[in-house]
2 protein chains.
Amino acid sequence: MKLMNETVPVNFESLNGELVDVFNNVMWIEEAALKQSDFSDITLKDMHTIDAVSMYSEKSASQVAKIVHLTPSAMTTAIDKLVDKGYIERRRSNKDRRVVRLGLTHKGRVVYRAHQGFHRDLTHNLLKDMAPQETVIVQRAIHNLVCYLANVIKH
Amino acid sequence: MKLMNETVPVNFESLNGELVDVFNNVMWIEEAALKQSDFSDITLKDMHTIDAVSMYSEKSASQVAKIVHLTPSAMTTAIDKLVDKGYIERRRSNKDRRVVRLGLTHKGRVVYRAHQGFHRDLTHNLLKDMAPQETVIVQRAIHNLVCYLANVIKH
DNA sequence: TGATTTATTTCGATAGTCAAACTAATTTTT
DNA sequence: AAAAATTAGTTTGACTATCGAAATAAATCA
């Protein structure tokens, strides 16, 4: 375990604690919000699938599987469910008839936008009462995190 | 859907995107890191249970269940597994013999500290190359988020 | 004491996941 | 051009996590 030293700001531990809090809870809160919404028939994981399918590009099933870290077989059943519930459409590509192109239905686009709204609210609240030059610093911090995580991925 | 307006910094969308990235990926990265570690026999959810049991307080099974958002029955089986694997100890309270007090074994404390280390690394990297007065701003932002999420919980 | 509440466990059902085998379409090799 | 290898997706079977309802056990209340 690392010990604190003098160069670390005194409230490192409290920041760390709040960060852990955020990570442990966002997912659950998002899930709970979804259950109380008009789209209670899908889970947060379904939501992420819908998000990966997204609005404007026609991604293949395996591309989406990769994004959400599911195996192709799990993706198949996930899509089955979302097709049944009317959020996603399957179309066999004419170019290469092995591939399945995925797209959102009207209902899918509605829930996609709602989910985007949720995330925008988070971002707005992250920046609450911040001066423009302060928001830049926050942005740098989040960017640090993204870079670090990207590095962890490629060990 | 909220529209952007002039008071919002131009890179709101990019910050929002990176934040979504972080939320969608931390969990998965944490899970993957765990699989490659010496503790590949537990999942991230197990890790969060261990974290909730934590080092120094003797929490009951249902308290831990509440923290990690599991039903008591699911908690029972989750604990069974972690007891078998040697991470957690069950002790019946002498005060009230209905309640099960949970504690970490030596192995449990080791993995708990490793997990704390992971989170501390995240926090360190969030603050990478930041001046002390900048870290305060970042802390304020994260605190905003915690407060917002706490509000969402109690609708 | 008997009834009620509380903490945990057991049981049965359901849903999500993976790996392996399989189908169909495409590309490469010979 | 036929055969072999590759690729995209699906089906199947096994396993795990989770929940809700009922069971158990202990404490508290009337």
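Proteins get letters first, then strands, A, B, ... in listed order; numbering begins at 1 in each.
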A/W28 and B/H69 aromatic ring geometry - parallel, tilted or perpendicular at 30°/60° bounds | parallel

What residue pairs, at least two apart or across chains, pass salt bridge (Lys or Arg N to Asp or Glu O under 4.0 Å) with a residue in residues 135-150 of chain B?
-> A/E134-B/R140

Going through the checks in order, is the side-chain contact (heavy atoms from CB on, under 4.5 Å) test met by B/L122 and A/L149?
-> CA-CA 8 Å; B/L122 284 188; A/L149 291 176; 3.7 Å; yes

Under-4.0 Å salt bridge between A/R90 and A/D80 | yes

DNA chain C-proximal residues of residues 22-54 of chain B, any heavy atom under 4.0 Å = none

Close side-chain approach of B/R92 to B/V99, heavy-atom, < 4.5 Å = no

Got a sec? Which of residues 74-90 of chain A come in under 4.0 Å of DNA chain C, heavy atoms?
-> A/A74, A/T77, A/K81

In the single-linkage hydrophobic clustering (I, L, V, M, F, W, Y; side-chain heavy atoms under 4.5 Å), do B/L102 and B/V68 co-cluster?
-> yes

Name all pairs fulfilling the salt bridge (Lys or Arg N to Asp or Glu O under 4.0 Å) condition that reach into residues 51-76 of chain B, sequence neighbours left out, sorted by first residue then second.
-> B/E58-B/R91

Provide the start and end nucleotides, 5' to 3', of the part of DNA chain D that has atoms under 4.0 Å from heavy atoms of chain B.
-> D/dA17 to D/dA27

In Å and rounded to the nearest 0.5 Å, what is the CZ to NZ distance from A/F39 to A/K107?
-> 7.5 Å

Salt bridge flag under 4.0 Å for residues B/E13 and A/R120 = yes

Across all chains, not counting sequence neighbours, the side chain to side chain donor-acceptor pair (under 3.5 Å) partners of B/S40 are none

Anything under 4.0 Å to a heavy atom of chain B counts; send over the first and last such nucleotide of DNA chain C, read 5' to 3'.
-> C/dT6 to C/dT10

Can the ring centres of A/H124 and B/F12 be said to be less than 6.0 Å apart?
-> yes

Any luck finding a side-chain donor-acceptor pair between A/H115 and A/E30 under 3.5 Å?
-> yes

Look at the side chain of A/E18 and the backbone N and O of B/V146, then say whether any donor-acceptor pair between them is shorter than 3.5 Å.
-> no

Please check if any side-chain donor atom of A/N16 sits under 3.5 Å from a side-chain acceptor atom of B/H119, or the reverse.
-> no

Output all residues satisfying side chain to side chain donor-acceptor pair (under 3.5 Å) with A/D46, sequence neighbours left out; order by chain, then residue number.
-> A/T43, A/K81

If you group Ile, Leu, Val, Met, Phe, Trp and Tyr by side-chain heavy-atom gaps below 4.5 Å, do A/V138 and A/Y148 land in one group?
-> yes

Are the side chain of B/S62 and the backbone of B/A65 linked by a donor-acceptor contact shorter than 3.5 Å?
-> no

Please list residues of residues 60-72 of chain B whose heavy atoms come under 4.0 Å from any atom in DNA chain C, ordered by number; otherwise none.
-> B/S60, B/A61, B/S62, B/P72

side-chain contact (heavy atoms from CB on, under 4.5 Å) between A/V22 and B/L145, intermediate numbers included = CA-CA 7 Å; A/V22 170; B/L145 209 47; 4.1 Å; yes

Do any pairs count as a ring pair (Phe, Tyr, Trp, His ring centres under 6.0 Å) and have a residue in residues 73-99 of chain A, sequence neighbours left out, and if so which ones?
-> none

How far does the helix from C/dT1-D/dA30 to C/dT30-D/dA1 bend, going by the axes of its first and last five pairs, to the nearest 10°?
-> 10°

Considering only heavy atoms, which members of residues 92-104 of chain B lie under 4.0 Å from some atom of DNA chain C?
-> B/R92, B/R98, B/V99, B/V100

